[in-house]
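For clarity, every value in this text was computed on a predicted model and none was experimentally measured. In what follows, every heavy atom counts, from backbone to side chain, and hydrogens, waters and symmetry copies are set aside.
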Amino acid sequence: MHPRGDPMSDTPFGFNRPGDGDDDRPQDPFKGMGGDMAQFADMLHRFADMIGGQGAGGAGGGPLNWDLAKNIARHQVVEQGDPSVVDTERRQVEEALRLADLWLDEKTTLPAGIRTPQAWSRSEWIEQTLPVWAKVCDPIATRMVDSMGGALGGGEIPADMQAMAGPLIGMVKQMAGAMVGGQAGQALGALAREVTCSADVGLPLAPDGVGALLPAGVEAFGSGLEISGEEIRLYLALREAAHQRLFAHVPWLRSHLLGAVEEYARGITVDLSGIEQAVQGLDLSNPEAIQEALGGEIQLQPEESPRQKAALARLETTLALVEGWVDTVVNEAADGRLPGSVKLAEAVRRRRATGGPAERTFATLVGLELRPRRLREAATLWRTLTDVRGVQGRDEVWDHPDLLPTSDDLDDPDGFVHGREEIEGLSDLDLSELTKPQEDGEPGEPDEKDDKDDGPDDGPDGGSGDGGPRA
């Protein structure tokens, strides 16, 4: 485990940069265990008996044991108290979500996205969001599991043991799937105790058409704020309903976010040094001790390739834009209706700045951390767009991913809104022209109609031509 002073000490999966640690460490993490392959095979069979019936990927058949992850997460929340949602709480949540959608109708052109308002316990949040977590985590889990199998399947295996190698590698992958599943379960169990709604981490976690609040999470969020429970519930309902409008009516957004995670995962390598050190000198006849050793940390090591950096920037920027848009429309809808809205908005910002659910969960499960600075700048950009282009002009930016602001645009929101000098004529363009389907060419190609000089690229900067200076 990391030393207590390490800022990542509370996250099961660390994040090492290339060159960190000892580059001369053995490639086979099981080499230091002593004994021969027959002993190791016997140990693996013992361990397989311990996790038998759970399968490498659980019910989903993927690399990570999600059955185990779910059981660990639910046990964690139940152990600390997870009361069932009572009828009164359910009615309050449903009414709050419906009222929130009515208020949002005045502040965005995107229609309501919630068809089924629900109130969830923490255990229900785990159950309902697990399918999406599987999509988010399986790409990196695959790399981790394959790396552990590959460590055993290298050239260290004697020729006379090759026949055993196949079953052993499969068994090691099963062990790795259970280990990673256990760590994911711990992370999701901790997160379930902090979230207030289905969209707290900025991903479309709820089933299609569902919007949900967690009454226990809402109560915990409002502790110490000296604001009425009804007002807190309505503010958080506004945030949930705003997220669901994006997820329901921006059809490319889900695949854009999850695709960026998968692209990033392709560049991840796995540092097994922590496992290697843990198994040094272990008693091969004690499967329980081996299970404990394999429950230690695995380090995720990015390759820092241009492709991976681009995927990381795309994911972080899109998540920041989602949250910034939600902040903008929610605070406009709450203004004049909820007396404590400014205080509640500050509570949300403070939660992010101290490492809220999104930051910690992505650091744990995906190896990413959201930066609060990006979220603030994204909100500034959306507010400026609203001032200059109005609600419709602002929301049209979601019509296509190529219209979205880039990371550079977040550094210069005013430049994105009213155009930069290096992009000739962009400040005179009508955003409606940019949002028309490109039937005569691929996205990013010059407009063959050439009515105006749109520049060589209809890409991310193509959304920059909308308006004049901020009021």
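When all heavy atoms of Pro405 and Leu321 are compared, the pair lying nearest together is O-CD1, 3.5 Å. Across Leu410 and Ala320, no two heavy atoms sit closer than the pair CD1-CB, 4.4 Å. What you find for Val85 and Glu89 is that their closest heavy atoms are CA-OE1, 3.5 Å. The heavy-atom pair separating Gln76 from Gly189 by the smallest distance is NE2-C, 3.7 Å. The two residues Ala242 and Val330 come nearest to each other via the heavy atoms CB-CG2, 3.9 Å. Here the shortest heavy-atom pairing between Ala206 and Ser198 reads CB-OG, 3.5 Å.
Here the side chain of His256 pairs no donor or acceptor atom with the backbone of Pro251 at under 3.5 angstrom. A donor-acceptor pair under 3.5 Å is absent between the side-chain atoms of Thr108 and the main chain of Leu104, judged by distance alone. Under the 3.5 Å distance criterion, the side-chain polar atoms of Gln128 are left unmatched by any main-chain donor or acceptor of Pro207. Judged by distance alone, the side chain of Trp125 and the main-chain N or O of Leu214 form no donor-acceptor pair under 3.5 Å. The backbone N or O of Ala220 sits nowhere less than 3.5 Å from a side-chain atom of Ser223 that would complete a donor-acceptor pair. Looking only at distances, a side-chain donor or acceptor of Asp82 sits under 3.5 Å from a matching main-chain atom of Arg122.
Within a 6.0 Å radius of CD in Glu346, more than 12 heavy atoms belonging to other residues, nucleotides or ligands are found. For NZ of Lys135, the number of neighbouring non-hydrogen atoms (other residues, nucleotides, ligands) closer than 6.0 Å is 12 at most. Counted within 6.0 Å of CD on Glu219, heavy atoms from surrounding residues, nucleotides or ligands total 12 or fewer; the atom is thus considered open.
To the nearest 0.5 Å, the span separating OG1 on Thr88 from CZ on Arg90 amounts to 10.5 Å. Interatomic distance, CH2 of Trp120 versus OG1 of Thr129, reported as 6.5 Å (0.5 Å rounding). The CD atom of Glu94 sits 10.5 Å away from atom CG of Leu213, with the distance rounded to the nearest 0.5 Å. Rounded to the nearest 0.5 angstrom, Leu344 CG and Arg349 CZ are separated by 10.5 Å. Leu404 contributes atom CG, which lies 10.0 Å from atom CG of Asp399 (distance to the nearest 0.5 angstrom).
For the residue pair Thr109 / Arg394, no side-chain donor-acceptor distance below 3.5 Å is found, with atom types taken as modelled. If you check the side chains of Glu323 and Trp325, you find no donor sitting under 3.5 Å from an acceptor. For Gln244 and Glu240, the side-chain atoms include at least one donor-acceptor pair closer than 3.5 Å. Between the side chains of Asp138 and Trp66, at least one donor N or O lies within less than 3.5 Å of an accepting N or O.
Residues Tyr235 and Ile227 form no side-chain contact, since every pair of their non-hydrogen atoms from C-beta on lies 4.5 Å or further apart. By the 4.5 Å heavy-atom criterion applied to side chains, Leu205 and Trp133 are counted as neighbours. Put simply, the side chain of Ser341 does not reach to within 4.5 Å of the side chain of Asn331, judged on heavy atoms. Annotation: side chain of Cys197 is not in contact with side chain of Leu236 (no heavy-atom distance under 4.5 Å). Counting only heavy atoms from C-beta outward, the side chains of Val210 and Ile114 never approach each other to under 4.5 Å. Put simply, the side chain of Val78 does not reach to within 4.5 Å of the side chain of His75, judged on heavy atoms. Side-chain contact between Phe221 and Ile232 is present, with heavy atoms from C-beta onward closer than 4.5 Å. Proximity of Asp408 to Asp411: side-chain heavy atoms (C-beta onward) are separated by under 4.5 Å at one or more points.
The pair Lys70-Glu127 meets the salt-bridge criterion, since a charged nitrogen lies less than 4.0 angstrom from a carboxylate oxygen. Using a cut-off of 4.0 Å between Lys/Arg side-chain N and Asp/Glu carboxylate O, Glu230 and Arg233 are scored as not salt-bridged. Classification of Arg245 and Asp395 as a salt-bridged pair fails, no side-chain N sitting under 4.0 Å from a carboxylate O. In this structure, Arg254 does not pair ionically with Asp208, as no charged nitrogen and carboxylate oxygen lie closer than 4.0 Å. Salt bridge status for Asp327 with Arg239: present, with a side-chain N to carboxylate O gap under 4.0 Å.
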Could you please spell out the steps behind the side chain to side chain contact (heavy atoms under 4.5 Å, CB included) verdict for Leu203 and Leu319? CA-CA 8 Å; Leu203 290 177; Leu319 286 168; 4.1 Å; yes
Determine, step by step, whether Thr406 and Thr317 satisfy the side chain to side chain contact (heavy atoms under 4.5 Å, CB included) criterion, reporting the C-alpha distance in whole Å, the side-chain angles of both residues, the deciding distance to 0.1 Å, and the verdict. CA-CA 7 Å; Thr406 65; Thr317 300; 5.6 Å; no
Using the salt bridge (charged side-chain N to carboxylate O under 4.0 Å, His left out) rule, take Arg98 and Glu95 through it: C-alpha gap first, then chi angles, then the decisive distance, then the call. CA-CA 5 Å; Arg98 290 192 180 101; Glu95 291 171 1; over 6 Å; no
Full working for side chain to side chain contact (heavy atoms under 4.5 Å, CB included) between Leu253 and Phe247: CA-CA 7 Å; Leu253 184 57; Phe247 298 147; 3.8 Å; yes
For a side chain to side chain contact (heavy atoms under 4.5 Å, CB included) check, start with the C-alpha distance between Leu238 and Leu234, then their side-chain angles and the critical distance, and finish with the verdict. CA-CA 6 Å; Leu238 282 167; Leu234 273 169; 5.7 Å; no
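With Ser407 as the partner, the side chain to side chain donor-acceptor pair (under 3.5 Å) test is satisfied by one option alone out of Glu377, Arg374, Arg314, Glu316: Arg374.
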